[in-house]
Amino acid sequence: MAVVILKDGSRREYPQPVTPLQVALDLSKRLAKETVVAKVNGALWDINRVMPEEAELELLDFEDPEARDVYRHSTAHLMAQAVRELYPHVKLAIGPAIEDGFYYDFDLGEPLTPEDLGKIQKRMEELVKEDLPIERMVLSREEAIKLFADMGEDYKVELIKELPADAEISCYRQGDFLDLCAGPHVGSTGRIRAFQLTSVAGAYWRGDENNVMLQRVYGTSFAKQSQLEEHLRLLEEARKRDHRKLGRELDLFSINEAGPGMPFYHPKGVIIWNELLKLWREEHARDGYMEIRTPQILNRRLWEQSGHWDNYAENMYFTEVDDTTFALKPMNCPGAMLWYLTQHRSYRELPLRTAELGLVHRHEQSGVLHGLMRVRAFTQDDAHIFMLPSQIEQEISGVIDLVDRLYKVFGLEYRLEISTRPEKSMGSEEQWEIATQALIRVLENKGIDYKLNPGDGAFYGPKIDFHVRDCLKRSWQCATIQLDFQMPERFDLTYIGEDGQKHRPVMVHRVAYGAIDRFLGILIEHFAGAFPVWLSPVQVKILPIADRHHQYCKELAQRLEAAGIRVEVDLRNEKIGYKIRQAQGEKVPYMLIAGDKEVEAGKAALRTRSEGDVGQVDIAQFQQRVLEEIRTRQLN
RNA sequence: GCUCACGUAGCUCAAACGGUAGAGCGCAUCCUUGGUAAGGAUGAGGUAACCGGUUCAAUCCCGGUCGUGAGCUCCA
């Protein structure tokens, strides 16, 4: 007698133990078809694996995140099976599900080409048609090692040897393909419906560049063909939004090979840059920040004192002048310390909030450079806040509010992470505990969700990071708030307290945009180049129909410019359709078209980027509307 | 930094199995003065990333360097 308790609490009895699939079939054919994997007594369970005599059963379909991972993991196995058949000498490494898909690492001895992917994909489709059952087997450690050693699967043997002593070692078989796997999997290859291999790249065994390079094949899979197509469409859309492509097309910035990772900003890029800073300065002034500027290169001694010489030298640029070594600053903090030290400080003036738009240089590894997202020279919207220990929570809270205000202007989503003490770190256990608790308390008091990253803090203190999501679903760290115990010590910062004695201030480093450069890159992709009016390099483009309207259009432009609107007039000898096409490509938010009718009426025909032809408008009203959108920094 | 691929006009890309290269877009000039996403003609524009080797001859083959891309790794 076996008992199955379903999610809704109902009981079903069977003469002997059954599989989840059997139960699902009893309930409905459709349910059986859509179930990817089961959960039995809280643990994931193959749908064709017999359940214990008493089982709480939950049936998961593709919409469930855990089931989705199982489904994609099974697709990875299917791919491995195809690869094994096509390349019998292959050695398999690992093949997990990842966000949006899966990959499998293969040791083939030679690289795969995109054509190879097509072959593999085709073989996978055939294996799906064969609908091979996927069966689970449990082996003893010795059996497993022998089995995989005989197959020549060195990586699998290595993995087995490292499994904990009490681990149950399981394998999955489909047809004559066998793979080491904790499982679970979908019931048979025929259950995998829509999949696509997407790319191939090198990856090191265990991510260590001292190990052999494997071929990593990426793919993705979905329950329905329509979902797969939608996903591929999104990928294509993301490619179109690539800020490197749009940056060139919209003439915002370029990167010359004379300075890898060091962007050149073109006039239109600088307009956006300056608008970002204008907003930034408004918000910082509102919060009582003072702005400072510190030098680009400073004496080696300073970097020895700050600890960068020991901890960061390999990322720094140096220069030698008059027998003295100088370093190009990779961070702004030492400069801020020297500013603090220019006066005796009283507890009465704390907190001191000093901001600095500092251009820093870091010698990042060549392979990580990526457009504006990973660069070697960038401007941080930095700030250093010097405070009394009792002011920590209030100050951190203030920074969070400031960042939130800024990001809201762009409609950007973000999530927070708190990183705690890493193994290699400085300061007392007590200091760390107090600081970490302060960060946690601030977020909890504000009712903000966060993820805890144990051991991921800076060596000098714990931190809160803001992660923004871009249209490619990549997560970018932008704002960060870091408590620092080291810098005030190393520079012997003090303030005179109420008691007339010297005390050590607490300091936080923080950035809001992070790097202006990266933030601009994110915005380009976020808006797909169609910036809100206040950020648009050209806000209104005026298009005359024929030569005789040029004068009227120039006057119109002058009028709008005088009101503070960025305007361009297209006086080229081209037809109106052509000019519109061009302006649309430049993603200009507003076009004003003037011909005989408009000159006659003293108006202009408005065309918007998103709605097309809107008809004639009164110039004064239009000007009002645009100015209001700029003033309120309205989103599109 | 590592692996693989790539580097031809401002941009997007061709072709030539080794005999110094083309198109479209863009740009300029002219014709056209046209009403809501490409009017026509003509023209300028390339030391084929850089350095070396092989060869009678190299943009093409080989090696190195630099850069770019994807991925890995790194990210105080």
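Residue numbers begin at 1 in each chain, while the letters A, B, ... track the order of the sequences.
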For this session: Find the distance A:M373:CE to B:A70:P and express it as a whole number of Å.
Result: 11 Å
Exercise. What is the base-pairing partner of B:A41, counting Watson-Crick and G-U wobble geometry with both distances under 3.5 Å?
Worked result: B:U29
For this session: Pick the P atom in B:C11 and in B:C50, then give their distance to the nearest Å.
Result: 15 Å
Exercise. In Watson-Crick or G-U wobble terms, both distances under 3.5 Å, what is the partner of B:C60?
Worked result: none
Problem set entry | Set of residues satisfying ring pair (Phe, Tyr, Trp, His ring centres under 6.0 Å) with respect to A:H384, sequence neighbours excluded | A:H509
Seminar exercise, completed: Contacts of A:D492 meeting salt bridge (Lys or Arg N to Asp or Glu O under 4.0 Å) (sequence neighbours excluded), chain-then-number -> A:R504
Problem set entry | Same-atom distance (P) from B:G7 to B:G40, integer angstrom | 33 Å
For this session: Tell which nucleotide pairs with B:C2, taking only Watson-Crick or G-U wobble pairs whose two distances are both under 3.5 angstrom.
Result: B:G71
Exercise. Among pairs that include at least one residue of residues 537-557 of chain A, which meet salt bridge (Lys or Arg N to Asp or Glu O under 4.0 Å), considering only residues two or more places apart or in two chains?
Worked result: A:K541-A:E568, A:K541-A:E586, A:R548-A:D596
For this session: State which residues pass salt bridge (Lys or Arg N to Asp or Glu O under 4.0 Å) with A:E429; sequence neighbours excluded, sorted by chain then number.
Result: A:R421
For this session: For A:R376 and B:G1, give me the distance from atom CZ to atom C1', rounded to whole Å.
Result: 10 Å
Exercise. Taking the same atom, C1', in B:C72 and in B:U55, what whole-Å distance lies between them?
Worked result: 40 Å
Exercise. Who is the Watson-Crick or G-U wobble partner of B:U20, with both distances under 3.5 Å?
Worked result: none
For this session: Please check if the distance between the ring centroids of A:F106 and A:Y87 is under 6.0 Å.
Result: no
Exercise. Quantified in whole Å, what is the P atom distance between nucleotide B:G18 and nucleotide B:A57?
Worked result: 16 Å
Problem set entry | Candidate nucleotides B:U68, B:G1, B:A70, ranked by approach to the side chain of A:H370 - the nearest | B:A70
For this session: Take the protein atom CZ of A:R248 and the nucleotide atom P of B:G10, then report the distance between them rounded to whole Å.
Result: 13 Å
Problem set entry | All ring pair (Phe, Tyr, Trp, His ring centres under 6.0 Å) counterparts of A:H550, not counting sequence neighbours | none
Problem set entry | Protein-nucleotide distance (A:E257, atom CD; B:U65, atom P), rounded to Å | 15 Å
Exercise. Does A:E395 come within less than 4.0 Å of A:R510, counting only side-chain N to carboxylate O?
Worked result: no
Exercise. Rounding to a whole Å, what distance do you find between A:R374:CZ and B:U73:P?
Worked result: 13 Å
Exercise. Quick one: what's the B/S/- string for nucleotides 32-43 of chain B, heavy-atom cutoff under 4.0 Å, read 5' to 3'?
Worked result: BBBBBBBB----
Exercise. On a whole-Å scale, what distance lies between the C1' atoms belonging to B:U59 and B:A48?
Worked result: 4 Å
For this session: Only counting residues at least two apart or in another chain, list the ones meeting ring pair (Phe, Tyr, Trp, His ring centres under 6.0 Å) with A:F466.
Result: A:Y414
For this session: Can you tell me, in whole Å, how much space there is between the P of B:A16 and that of B:A70?
Result: 29 Å
For this session: Can you tell me the pairing partner of B:A9 across any strand shown, Watson-Crick or G-U wobble, with both distances under 3.5 angstrom?
Result: none
Only pairs under 3.5 Å count here: list side-chain donor-acceptor contacts from residues 246-253 of chain A, not counting sequence neighbours, and write none if there are none.
{"unit_1": "A:E249", "atom_1": "OE2", "unit_2": "A:K245", "atom_2": "NZ", "d": "3.3"}

For this session: Go through residues 297-314 of chain A and report each residue with a non-hydrogen atom lying under 4.0 Å from RNA chain B, sorted by number.
Result: A:Y312
Problem set entry | A:R301 CZ to A:S306 OG distance, which is reported to the nearest 0.5 Å | 13.0 Å
Exercise. Excluding sequence neighbours, so at least two apart, what forms side-chain contact (heavy atoms from CB on, under 4.5 Å) with A:V375?
Worked result: A:P263, A:F378
Problem set entry | Whole angstrom value for the distance that separates C1' of B:U3 from CD of A:Q215 | 8 Å
For this session: For nucleotides B:A44 and B:G10, find the distance between their P atoms and express it as a whole number of Å.
Result: 16 Å
Exercise. Looking at residues at least two apart in the chain, or sitting in another chain, which of them share a ring pair (Phe, Tyr, Trp, His ring centres under 6.0 Å) with A:Y103?
Worked result: A:Y218
For this session: Could you tell me whether A:H73 and A:F102 have their ring centroids closer than 6.0 angstrom?
Result: no
Exercise. To the nearest angstrom, how far is A:K245 atom NZ from B:U12 atom P?
Worked result: 9 Å
Problem set entry | Strand-adjacent residues in residues 508-519 of chain A, judged by heavy atoms under 4.0 Å from RNA chain B | none
For this session: Calculate the interatomic distance between A:D105 atom CG and B:U73 atom C1'; express it in whole Å.
Result: 14 Å
Exercise. Quantified in whole Å, what is the P atom distance between nucleotide B:G64 and nucleotide B:U47?
Worked result: 27 Å
